[in-house]
Amino acid sequence: MESKYDPKTTEARWYAQWRDAKYFKPESAPSPNGTYTITIPPPNVTGSLHMGHAVCYTIQDALGRWQRQLGKKVLILPGVDHAGIATQNVVEKEIAQEGLTRHDLGREKFLERVWIWKKRFGERIISQMQGLGCAFDWDRERFTMDDDYVDAILEEFVRMFDAGMIYRGARVINWCPRCATALSDIEVEYVERDSHLWHIRYDFADGNGSVTVATTRPETMLGDTAVAVNPDDPRYAGMAGRELLLPLTDRRIPLIFDSYASMEFGTGAVKVTPAHDLNDYEAGKRHGLPMMVVIGESGKMTAEAGDKYAGLTREECREAVVEDLEASGNLVQIEDYKHSVGTCERCHTIIEPLLSEQWFARMAGTTMIANAIAAIESEEIKFVPDRYKRISVDWLENIKDWCISRQLWWGHRIPIYYAHDGKFTAAKTREGAAARLGVSPESLRQDDDVLDTWFSSALWPFATLGWPNDTEDLREFYPTNVLTTAREILFLWVARMIMTGIEFTGQKPFDDVYIYATVLDKQGRRMSKSLGNGIDPLEMIDKYGADALRFSLMRLASKGQDIRFSEDRIPEARNFCTKIWNAARFVNMNLDDGLDITQRVGANEAYTVPERAILSKLQATVATVSSSLASYDLDVACEALRGFFWDDYCDVFVEWSKSVQRGDDAAAKARVQLVLWHVLETFLRLAHPFMPYLTEEIWHALPHDGDTVMYTLWPTVNEALVDPAAEEGLNAPQRYLREIRAAHQELGVPIQEQQLLQINEDVDAASVSSILKAFDPRLALANVGQEQIEGGATGFWLPVSANVQMFLPDSASIDLAGLQTKIKKQIAATEKSLASVQGKLNNPNFISKASEEAVTKSRADEAANLNELEKQQRQLAAVAARLG
RNA sequence: GGGCGGUUGGCUCAGGGGUAGAGCGUUUCCUUGACACGGAAGAGGUCACAGGUUCAAAUCCUGUACCGCCCACCA
């Protein structure tokens with residue numbers, strides 16, 4: 001093994017080897033224990049992967065590698081999403097730099113450009129996942145625009161259409177004037193804005209009085225077709241049906257009664273613009289009001305807005321209208337007002353609610369929704385953390401119909417075909433539609449719109465496995481086991497996969513939904529392009545290695561808590577990788593050639609205390625890492641691995657083993673080597689899901705059995721090796737040693753002069769002595785456990801811990817006064833702690849009401865404190881006697 | 001307006017009814033034959049605040065404050 005670990009060359013070498021050997025394919029591994037499937041959330045082809053993706057794919061890879069070691073036939077199916085609106089936007093931005101719009105290119109040429117983009121970024125994304133070390137089955141990689149995937153979408157659409165779940169209608173929808181498309185409700189992002197509330201006076205047409213309305217959007221008044229007041233509002237009693245003169249126009253509009261007008265807000269009168277506000281639209285429908293579209297799809301005022309305003313942008317028109325209202329004297333007041341404004345999730349342009357013909361999927365009240373709710377409520381599909389269960393159900397229970405048509409070019413064309421006579425139907429093909437309508441295919445016109453991206457991603461877990469065909473993959477790997485995803489697409493994606501999965505396959509799409517931590521920057525802000533605070537995973541891999549990045553992310557990603565991440569968190573993990581490398585190198589260089597690894601460590605052999613202790617702790621680590629993986633507590637697993645390896649294995653066991661290696665007991669050497677190797681090899685298998693490259697590299701450098709650590713079996717707990725007594729047998733001497741060292745430091749006596757130790761505890765004196773000498777060879781311990789001083793040396797016994805005394809010969813020059821002060825301080829502390837425990841024990845309520853366990857523990861605490869106090873007092877006495 | 005999460009040593013976070021834990025940082029010592037991306041020893045917290053329940057509260061309950069997120073037809 002090289003003295004320094006080089007992640008870069010190691011990672012590249014292993015990934016290529018794994019891939020060439022087809023290790024990632026479920027068919028390759030010995031798999032007697034069933035299947036385990038993950039269809040990874042397909043990233044958008046909009047750009048490269050960010051840290052959130054790195055967390056996502058790292059977790060899934062770790063879960064997959066773990067399950068593979070458990071003997072499962074593991075399929076992790078990768079892919080990318082065409083991401084309609086998002087991708088169209090980035091390509092539009094790209095061509096804008098050439099001074100072009102998509103309309104300059106035309107649909108066909110523009111789509112060519114998008115495909116070029118897709119190829120470039122799709123490949124980059126795949127190589128990024130591979131750089132992370134992801135053991136995904138690349139032969140099964142899917143894209144949401146693959147032919148067979150498209151077939152699944154057509155199937156979905158036609159089935160829903162035939163079931164009456166898809167309809168076309170004119171409704172007020174969310175329109176993004178910049179993207180020039182409709183959006184669904186959940187693609188709108190609300191942001192708080194400082195604005196104004198404009199109070200405008202509408203005079204009655206008969207010249208008798210007026211009504212003042214308040215609005216945040218004065219420009220929409222040009223499309224007002226009524227003013228509404230609450231029927232119970234005494235201020236407007238009997239005024240229903242009276243006509244108002246709409247300012248700046250010559251139109252007359254009615255005053256209507258509708259309970260949607262709140263009496264508490266402003267004057268209680270609300271202007272009604274049915275074509276540009278969802279509530280107003282509903283009110284307009286209730287009252288049969290005309291709907292005037294005054295703002296067009298481009299965000300500019302239409303001819304309906306009047307000659308004066310037509311052609312102005314919404315913003316320009318607002319200024320003009322306010323100015324004109326001021327001039328006409330109708331502007332009563334301008335109030336500062338903070339409210340939230342809907343914006344486009346993709347381009348952040350302010351949404352225009354717009355009356356428009358769109359395709360909708362019926363959601364509310366359908367069995368599709370009911371079944372999804374039932375699956376979540378019954379926990380047939382389990383959410384982790386479980387609070388997302390309630391959130392998901394709430395959303396589904398209040399679901400509205402879903403606007404699925406988009407006026408985009410990049411996406412799946414809606415499979416609706418229109419005949420000349422206006423009749424239309426849905427079909428997978430033009431020919432199919434022609435047959436349904438009884439006309440010729442040539443006479444049909446296909447709808448120009450495309451489908452919402454999420455309409456296609458909703459099928460991901462099963463369309464990727466071949467649905468609607470009854471494929472072998474679908475039968476074998478569906479339902480999948482876990483969906484690991486980001487919180488922000490819980491409704492957009494997760495809920496919809498559950499809906500469609502149950503609807504179309506009759507089965508839930510996955511058992512568990514694991515919502516992982518969001519990666520934030522150091523200040524707790526979202527990482528985003530506009531803030532420029534993102535960190536490029538590939539750059540970090542290049543700098544620290546993939547294993548270090550993976551480990552740092554998983555170690556920080558505790559369940560339900562967001563991660564504040566910055567580059568300076570990675571060295572911690574990188575240092576751990578280095579530590580593992582160096583320890584392995586040390587172990588490896590000390591292994592004798594004849595090590596027989598078929599002789600795995602068993603329980604029956606006569607191991608020394610430190611050997612039994614490390615084997616025992618290894619069992620605990622196996623248990624913790626296994627259960628933490630099962631409950632998605634990857635941070636806990638990482639911490640268990642780190643603590644065990646660094647503290648228990650390196651700092652204690654490996655250090656101790658040096659004394660054996662230095663000695664001349666051949667049998668002891670062979671034994672310790674076997675334990676060193678066994679623990680390390682087991683650790684590598686445990687750590688492999690988290691740091692695949694490093695573990696593979698070391699595993700191969702060590703004696704091993706097999707071709708890859710990927711296919712080794714997951715370690716199990718060997719109860720026979722669980723040995724708390726041995727752990728204590730190792731802990732105790734370490735405690736003594738700390739105290740001996742402290743005492744020597746305190747006394748100013750070199751530790752080399754320490755020869756004798758007296759121990760009153762029930763310990764194996766020989767073992768303690770040997771462990772002590774192993775950790776500090778400077779100790780010239782001649783005897784442990786004997787009070788008799790050989791050779792008639794004179795000196796005094798200083799208690800160093802409750803049951804241990806060390807001998808200080810007269811020759812030592814000792815700072816007794818300093819020691820005295822220190823012991824007195826310790827006594828005070830012990831007394832305080834003793835008083836606290838005794839206070840508890842003297843409380844009759846505690847004795848009678850507390851659990852037996854708690855009382856027992858307190859009694860033990862009291863005894864320990866008393867013991868400690870006694871020792872300290874003896875110490876003090878010993879020193880005092882010495883001081884004379 | 002409703003809901004959810006958070007508030008623990010300088011920083012980032014675990015934990016969770018029985019006298020506070022980790023990593024990083026920091027202090028002192030150590031270039032000892034795996035590792036200075038290291039080792040040894042140490043300092044450092046009345047667990048946001050106020051009430052309550054309990055023999056016992058950092059932990060459970062109620063409320064408050066602040067931070068963050070989500071939802072809602074906040075003219």
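- Residue A/Asn865 places a side-chain atom within donor-acceptor reach of the base of B/rU19, judged by atom type and a 3.5 Å distance cut-off alone.
- Between the CD1 atom of A/Ile186 and the P atom of B/rC70 there is a distance of 13 Å, rounded to whole Å.
- Within the shown strands, B/rG6 is the pairing partner of B/rC66 under the Watson-Crick or G-U definition, both distances less than 3.5 Å.
- Within 4.0 Å of A/Ser851, counting heavy atoms only, lies at least one base atom of the nucleic acid.
- The partner of B/rA40 is B/rU28, judged by Watson-Crick or G-U wobble contacts that both fall below 3.5 Å.
- No hydrogens or angles considered: a donor-acceptor pair under 3.5 Å links the side chains of A/Thr273 and A/Asp224.
- Within 3.5 Å, no donor on the side chain of A/Lys4 pairs with an acceptor on the base of B/rA34, nor the reverse.
- Residue order along RNA chain B, read from the 5' end via each residue's closest nucleotide, puts A/Val188 first among A/Val213 and A/Val188.
- When all heavy atoms of A/His199 and A/Leu197 are compared, the closest pair comes out as CD2-O, 3.5 Å.
- With both ends at atom P, the span from B/rG63 to B/rC47 equals 22 Å, rounded to whole Å.
- Between the base of B/rC37 and the side chain of A/Lys579 there is no donor-acceptor pair shorter than 3.5 Å.
- Relative ring orientation between A/His196 and A/Trp198 is described as perpendicular, the plane-to-plane angle rising above 60° on a 0-90° scale split at 30° and 60°.
- Residue A/Trp395 has no polar side-chain atom (N or O) positioned under 4.0 Å from OP1 or OP2 of B/rA72.
- Of all nucleotides present, none satisfies the Watson-Crick or G-U wobble test against B/rA56 with each distance under 3.5 Å.
- Partners of A/Phe644 according to the ring-ring contact (aromatic ring centres under 6.0 Å, His included) rule, which considers only residues two or more places apart in sequence or in another chain, do not exist here.
- The P atoms of B/rA22 and B/rG15 are separated by 15 Å, rounded to the nearest whole Å.
- Comparing atom distances between the A/Thr578 side chain and each of B/rG23, B/rA75, B/rC37 picks out B/rC37 as nearest.
- One can place CG of A/Leu591 at 14 Å from P of B/rA34, the figure rounded to the nearest angstrom.
- Across all strands shown, the partner of B/rG51 is B/rC61, judged by Watson-Crick or G-U wobble contacts whose two distances both fall under 3.5 Å.
- In this structure a side-chain-to-backbone donor-acceptor pair under 3.5 Å is present from A/Asn865 to A/Asp861.
- Atom CG of A/Asp562 is separated from atom CG of A/Leu556 by 12.0 Å, given to the nearest 0.5 angstrom.
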For this session: Would you check, one step at a time, whether the test ring pair (Phe, Tyr, Trp, His ring centres under 6.0 Å) holds for A/Phe576 with A/Phe551?
Result: CA-CA 9 Å; A/Phe576 183 40; A/Phe551 197 80; 5.2 Å; yes
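- Residues A/Thr220 and A/Lys271 form a side-chain contact, since some pair of their non-hydrogen atoms from C-beta on lies under 4.5 Å apart.
- Nucleotide B/rA34 has no partner under the Watson-Crick or G-U criteria, as no pair reaches both atom distances under 3.5 Å.
- Side-chain contact between A/Glu681 and A/Trp699 is present, with heavy atoms from C-beta onward closer than 4.5 Å.
- Taking 4.5 Å as the limit, every side-chain heavy atom of A/Thr578 sits out of range of all side-chain heavy atoms of A/Tyr5.
- For B/rU19, neither phosphate oxygen OP1 nor OP2 lies less than 4.0 angstrom from any side-chain nitrogen or oxygen of A/Lys832.
- When the P atom of B/rC69 is taken as reference, atom OH of A/Tyr388 falls 13 Å away, rounded to whole Å.
- Pairing of B/rU46, defined by two Watson-Crick or G-U wobble distances under 3.5 Å, is not identified with any nucleotide.
- For A/Ala850, taking side-chain heavy atoms from C-beta onward, the closest of the listed nucleotides B/rG18, B/rA75, B/rC70 is B/rG18.
- Ranked by how close their nearest RNA chain B nucleotide is to the 5' end, A/Ile563 and A/Phe586 are led by A/Ile563.
- For CD of A/Glu852, the number of neighbouring non-hydrogen atoms (other residues, nucleotides, ligands) closer than 6.0 Å is 12 at most.
- Using a 4.0 Å heavy-atom cutoff across all strands shown, A/Arg574 reaches at least one base atom of the nucleic acid.
- When distances run from any side-chain atom of A/Ser836 to the nucleotides B/rA34, B/rA75, B/rU19, the shortest one goes to B/rU19.
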For this session: Spell out protein contact along nucleotides 42-47 of chain B as letters: B when the base is contacted, S when just the sugar-phosphate is, - when no protein heavy atom is under 4.0 Å; keep the 5' to 3' order.
Result: ------
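- Using Watson-Crick or G-U wobble geometry with both donor-acceptor distances under 3.5 Å, B/rA14 finds no partner in any strand shown.
- Looking at heavy-atom distances under 4.0 Å, A/Trp198 makes no contact with the nucleic acid at all.
- Looking at A/Glu655, its side chain comes within 3.5 Å of the base of B/rA34 through a donor and an acceptor atom.
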Which protein N or O atoms sit under 3.5 Å from an N or O of nucleotides 3-11 of chain B?
none

